[in-house]
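The structure presented is a predicted model; accordingly, all values stated were derived computationally and were not measured. Just so you know, these numbers use all the heavy atoms, side chains as well, and skip hydrogens, waters and symmetry mates.
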Amino acid sequence: MNDLPESAVNGLPDDPVDSEDAEVRPGPLWRHALWVLAVTAAGVALGWVGALFRIGPEEFGLPPAAPGALWPYLLGWTAIGLVLSAVLRFVAAKVPVYQPEEAVIGVVLIGTRLSLGWRPEPLEVAGLAAAGLLLVAVWCAVALRGAAVVRRTEEDSRVQGTA
């Protein structure tokens with residue numbers, strides 16, 4: 001049986017910087033805008049790379065899944081990713097949010113990958129975007145709720161300490 005504390009891995013204590021999974025991300029507007037652009041670009045690029053075997057020449061993989069141009073889907077998921085990451089970054093600037101990059105990159109990657117390989121109609125892309133927005137909204141709601149609970153417990157402890 002292991003009697004070591006859970007924070008020690010291989011006998012080394014956790015780095016205090018790494019122990020904070022969620023943190024408030026304040027900063028100037030240009031830093032938020034750069035984060036939004038970088039996260040969106042990463043999600044679209046990874047989705048495009050993931051779909052290459054379906055959109056390239058037949059000798060590199062399967063035959064193309066559907067005919068049509070790729071640019072509308074790339075531009076569409078770039079716009080969707082910008083909106084999703086802006087919403088998540090806005091909340092992350094106010095309260096701690098757990099892994100906002102992974103949430104946005106994952107949604108945009110999956111949406112781009114599916115759209116490039118499947119070439120859905122605009123209504124279906126809108127449905128995928130709505131599902132992504134719902135996921136980001138739930139992600140933000142969980143962060144806001146957690147921050148409210150922490151704030152309430154801190155206020156209660158302050159009131160009890162002064163009484």
Side-chain angles (χ1 to χ4, degrees), residues 6-7 9 13-56 65-66 68-158:
E6 291 181 10
S7 64
V9 177
D14 281 344
D15 185 10
V17 175
D18 292 337
S19 66
E20 292 294 324
D21 292 330
E23 60 185 26
V24 177
R25 297 164 187 253
L29 182 61
W30 66 266
R31 187 180 303 159
H32 296 301
L34 185 64
W35 184 90
V36 166
L37 290 172
V39 168
T40 300
V44 171
L46 289 173
W48 178 73
V49 167
L52 275 179
F53 77 99
R54 296 292 287 173
I55 59 178
L70 302 176
W71 289 109
Y73 296 106
L74 289 172
L75 292 175
W77 277 102
T78 300
I80 293 165
L82 289 172
V83 169
L84 296 178
S85 57
V87 168
L88 203 52
R89 184 62 180 209
F90 177 76
V91 173
K94 306 293 181 201
V95 297
V97 177
Y98 181 72
Q99 296 183 337
E101 299 90 2
E102 286 82 354
V104 173
I105 289 175
V107 169
V108 174
L109 182 149
I110 290 169
T112 305
R113 168 68 180 83
L114 286 174
S115 294
L116 292 180
W118 173 39
R119 313 274 168 78
E121 296 294 322
L123 189 59
E124 294 163 331
V125 173
L128 288 171
L133 185 59
L134 178 65
L135 177 87
V136 167
V138 168
W139 205 274
C140 291
V142 168
L144 290 168
R145 173 71 177 146
V149 168
V150 167
R151 195 175 309 118
R152 192 176 320 122
T153 56
E154 287 175 353
E155 288 173 0
D156 289 345
S157 66
R158 244 186 271 132

Asks: Would you name the heavy atoms of Ser115 and Val125 that are closest together and state the gap between them?
Replies: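 Residues Ser115 and Val125, closest heavy atoms: OG-CG2, 4.2 Å.
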Asks: Using the rule given for side chain to side chain contact (heavy atoms under 4.5 Å, CB included), can you reason through Glu101 versus Trp35, listing the C-alpha separation, both sets of side-chain angles and the distance that settles it, and then say yes or no?
Replies: CA-CA 9 Å; Glu101 299 90 2; Trp35 184 90; 3.3 Å; yes
Asks: Exactly one of Leu134, Leu135, Leu133 should register a side chain to side chain contact (heavy atoms under 4.5 Å, CB included) with Val107. Which one does?
Replies: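 Going through Leu134, Leu135, Leu133 one by one, the side chain to side chain contact (heavy atoms under 4.5 Å, CB included) with Val107 is satisfied by Leu135 alone.
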Asks: Show your reasoning for whether side chain to side chain contact (heavy atoms under 4.5 Å, CB included) applies to Arg113 and Val49.
Replies: CA-CA 8 Å; Arg113 168 68 180 83; Val49 167; over 6 Å; no
Asks: Can you name the closest pair of heavy atoms from Leu116 and Ala51 and give their distance?
Replies: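 Shortest heavy-atom contact: CB-CB, 3.7 Å.
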Asks: For Val36 versus Ser85, what's the shortest heavy-atom pair and its separation?
Replies: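 Here Val36 and Ser85 meet closest at CG1-OG, 3.1 Å.
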Asks: Rounded at 0.5 Å granularity, tell me how far CG in Leu46 sits from CG in Leu109.
Replies: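 Reported to 0.5 Å precision, the distance equals 5.5 Å.
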Asks: Judged by atom type as modelled, is there a donor-acceptor pair below 3.5 Å linking the side chain of Trp77 to the main-chain atoms of Ile110?
Replies: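 Side chain of Trp77 to backbone of Ile110: no pair is present.
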Asks: Which atoms form the tightest heavy-atom contact between Trp139 and Gln99, and what is the distance?
Replies: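 Distance-wise, the nearest heavy atoms are CZ2-O, 3.8 Å.
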Asks: If you look at every heavy atom in Thr112 and Trp48, which pair is closest and at what distance?
Replies: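 Heavy atoms only, the tightest pair is CG2-N, 3.9 Å.
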Asks: Search all heavy atoms of Val97 against all heavy atoms of Leu88 and return the closest pair with its distance.
Replies: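 For Val97 and Leu88, the tightest heavy-atom pair comes out as CG1-CD1, 4.2 Å.
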Asks: Please report the C-alpha distance between Ile80 and Leu128 in whole Å, then the side-chain angles of each, then the deciding distance to 0.1 Å, and finally whether the side chain to side chain contact (heavy atoms under 4.5 Å, CB included) criterion is met.
Replies: CA-CA 10 Å; Ile80 293 165; Leu128 288 171; over 6 Å; no
Asks: Distance-only, no hydrogens or angles: does the Tyr73 side chain make a donor-acceptor pair with backbone N or O of Gly111 under 3.5 Å?
Replies: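 Not confirmed, Tyr73 side chain does not pair with Gly111 backbone.
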